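The structure under discussion appears below in the form of structure tokens.
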Amino acid sequence: MVPSVTLNTGAEIPIVGLGTWRALDGQVTEAVKAAIAAGYRHIDGAFVYNNEHEVGDGIKAMIDQGVVKREELFIVSKLWNTFHVPSLVRGACKKTLSDLKLDYLDLYLMHCPMGAKVWKTAASYQTQNWCKQSKTSSNLVFSLRLQPGEEVFPLDEQGNLIPDDSNFVDTWEAMEALVDDGLVKAIGVSNFNKDQIEAILNQPGLKYKPATNQIESHPYLAQEKLIDYCHSKGITVTAYAAMGSPGRPWVTPEDPSLLEEPMIKSIAEKYNKTPGQVLIRFHVQRNVTIIVKSVNPKRIVQNLQVFDFELSEEEMKMLLSMNKNYRVFPMPWGTKHKDFPLNAEY
Ligand SMILES: NC(=O)c1ccc[n+]([C@@H]2O[C@H](COP(=O)([O-])OP(=O)(O)OC[C@H]3O[C@@H](n4cnc5c(N)ncnc54)[C@H](OP(=O)(O)O)[C@@H]3O)[C@@H](O)[C@H]2O)c1
């Protein structure tokens, strides 16, 4: 049994879950099956990962084989930026449900506060040009298409996200209707700063408070203020990129690597654990839910073996002292957007 964190809906979210970003076709179904067999009950996905169909195949196989029941699982997905206009929210959620082969989600997050325009026509080629210019890999989500001519990552010639005319508070209201209609059990946000969360909380007529804010966090980006703020409002926090996302396409050899940090390695040696397990345990002891992506069966099992040791108070302080507000997801394409979340102090 993986310990859980209680959401403000009363539901329990297992504190460690499986991430699925860049878990590629042909690998992710097996990864989901291996994770459920290993005891994972929390799976984190998103429309924009372009693999929800395969994630759903893995979930369905394990339910059909009787390994797990639907109600024992906690399945999370995210509303992508191009579906912020309220009339698009329901369709986006239903597409995710159909790909996952599920009747409901346990948690549906607004992936990001920045709404973006679904952009048709030949302009989509500019996105691919931008990818080339910035030397990013060609199989990035940037080049995903909804339908021929529609981009999920609409960027202008300068590489900036093309905004829609939505307001995330209105998007939130449309997400509330998904709860009322039974399509999702809880709703939350991701990549929101304090002021953006306040804007939702202060909305007259607010029906449901965000259950979770899913944010980047690890020892280089401890996020203490934002986590404390969320917890003070009864909003749980889920950390992504807990390993520092070493598989991100834009990583360079000069980038600092959490998994290679001598301090983390020496703590790991002391407990006969791996650096990855120490990085997971760091969040567990902050009561922060954590999702780690792996398609490697050995690491999938290892990443759940974090409940048989405890970091000392001093070790937690040492890990927190590594904070340098270093982001592996700085979202350079969003800096010009009115709702870019990362300029705020927290
Ligand atoms: N809300 C958002 O905007 C957002 C953004 C990014 C990510 N996410 C979610 O958070 C999840 C996790 O983030 P992430 O995938 O960027 O990064 P991550 O979990 O920090 O790192 C995943 C990478 O680390 C490797 N890995 C996994 N466990 C390991 C271990 N114990 N030791 C060493 N290496 C290990 C994986 O390789 P193998 O697969 O080969 O094991 C993979 O390359 C995503 O998959 C996604 O579900 C959300």
Side-chain angles (χ1 to χ4, degrees), residues 16-24 26-28 30-32 34-35 38 40 42-52 54-55 74-81 96 100 107-114 137 140-141 152-153 161 188-193 210 212-221 223 237-251 255-261 264-265 268 273-283 288-306 326-331 333-334 340-342:
V16 178
L18 180 76
T20 59
W21 179 55
R22 288 187 61 75
L24 304 176
Q27 292 182 319
V28 70
E30 290 311 310
V32 167
Y40 286 74
H42 169 185
I43 315 264
D44 179 84
F47 167 84
V48 79
Y49 303 161
N50 200 29
N51 60 5
E52 289 198 308
E54 290 77 23
V55 170
F74 195 99
I75 309 295
V76 182
S77 184
K78 310 184 193 87
L79 175 78
W80 182 239
N81 302 358
T96 278
L100 289 172
L107 180 61
Y108 196 42
L109 307 176
M110 200 184 316
H111 205 141
C112 179
M114 298 181 276
S137 127
L140 268 180
V141 288
V152 292
F153 233 110
L161 192 69
V189 294
S190 177
N191 300 304
F192 272 52
N193 65 36
T212 297
N213 188 17
Q214 185 179 119
I215 54 174
E216 179 181 341
S217 184
H218 40 71
Y220 292 153
L221 184 69
Q223 300 263 35
V237 173
T238 296
Y240 70 74
M243 304 282 139
S245 197
R248 65 193 186 278
W250 52 90
V251 69
D255 290 344
S257 163
L258 282 165
L259 293 165
E260 296 302 322
E261 279 288 344
I264 293 172
K265 281 174 143 177
K273 291 284 175 185
T274 66
Q277 288 169 315
V278 170
L279 290 168
I280 297 169
R281 183 74 205 179
F282 168 67
H283 290 298
V288 164
T289 307
I290 164 173
I291 41 179
V292 191
K293 176 262 171 180
S294 182
V295 292
N296 175 305
K298 197 171 147 210
R299 282 194 285 271
I300 288 173
V301 170
Q302 233 180 45
N303 290 343
L304 213 53
Q305 293 169 340
V306 294
Y326 174 78
R327 291 183 187 277
V328 295
F329 286 85
M331 306 186 199
W333 40 266
F340 181 64
L342 307 182

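Order of appearance sets the numbers: ligands from 1, and atoms from 1 within every ligand. These numbers were taken from a predicted model, which means no experiment stands behind them. FYI, side chains are in, hydrogens and waters are out, and symmetry mates aren't considered; it's all heavy atoms of this structure.
Relative ring orientation between Tyr240 and Phe329 is described as perpendicular, the plane-to-plane angle rising above 60° on a 0-90° scale split at 30° and 60°.
Against a heavy-atom cut-off of under 4.0 Å, His111 is close to the following atoms of ligand 1: 1 (N), 2 (C), 3 (O). Near Gly244, the atoms of ligand 1 lying under 4.0 angstrom from a non-hydrogen atom of the residue are 20 (O). Heavy-atom proximity to Gly247, at under 4.0 Å, picks out these atoms of ligand 1: 43 (O). Less than 4.0 angstrom separates some heavy atom of Asn191 from each of these atoms of ligand 1: 1 (N), 2 (C), 3 (O).
Among the atoms of Thr274, none of the N or O lies under 3.5 angstrom from an N or O of ligand 1. Between Gly276 and ligand 1, not a single N/O pair is under 3.5 Å apart. Taking distance alone, with nitrogen or oxygen atoms compared against 3.5 Å, Val292 stays at or beyond that limit from ligand 1.
Within the 4.0 Å heavy-atom criterion, the part of Arg299 lying near ligand 1 is the side chain and not the backbone. Contacts with ligand 1 closer than 4.0 Å are made by side-chain heavy atoms of Leu259 only, the backbone lying farther away. In Asn303, the part holding a heavy atom less than 4.0 Å from any atom of ligand 1 is the side chain. No part of Leu109 comes within 4.0 Å of ligand 1, judged by heavy-atom distances. In Ser190, the part holding a heavy atom less than 4.0 Å from any atom of ligand 1 is the side chain.
Nearest non-hydrogen protein atom to atom 12 (C) of ligand 1 is Ile291 O, 3.3 Å.
Shown here are the salt bridge (Lys or Arg N to Asp or Glu O under 4.0 Å) partners of Glu261, two or more places apart in sequence or in another chain: there are none. Residues meeting the side-chain hydrogen bond (donor to acceptor under 3.5 Å, both in side chains) test with Gln214, sequence neighbours left out: Asp44.
Under a 3.5 Å cut-off, the side chain of Asn51 and the backbone N or O of Val28 do not form any donor-acceptor pair.
Selection from Ala31, Pro246, Gly45 by nearest heavy atom to atom 21 (O) of ligand 1 gives Pro246.
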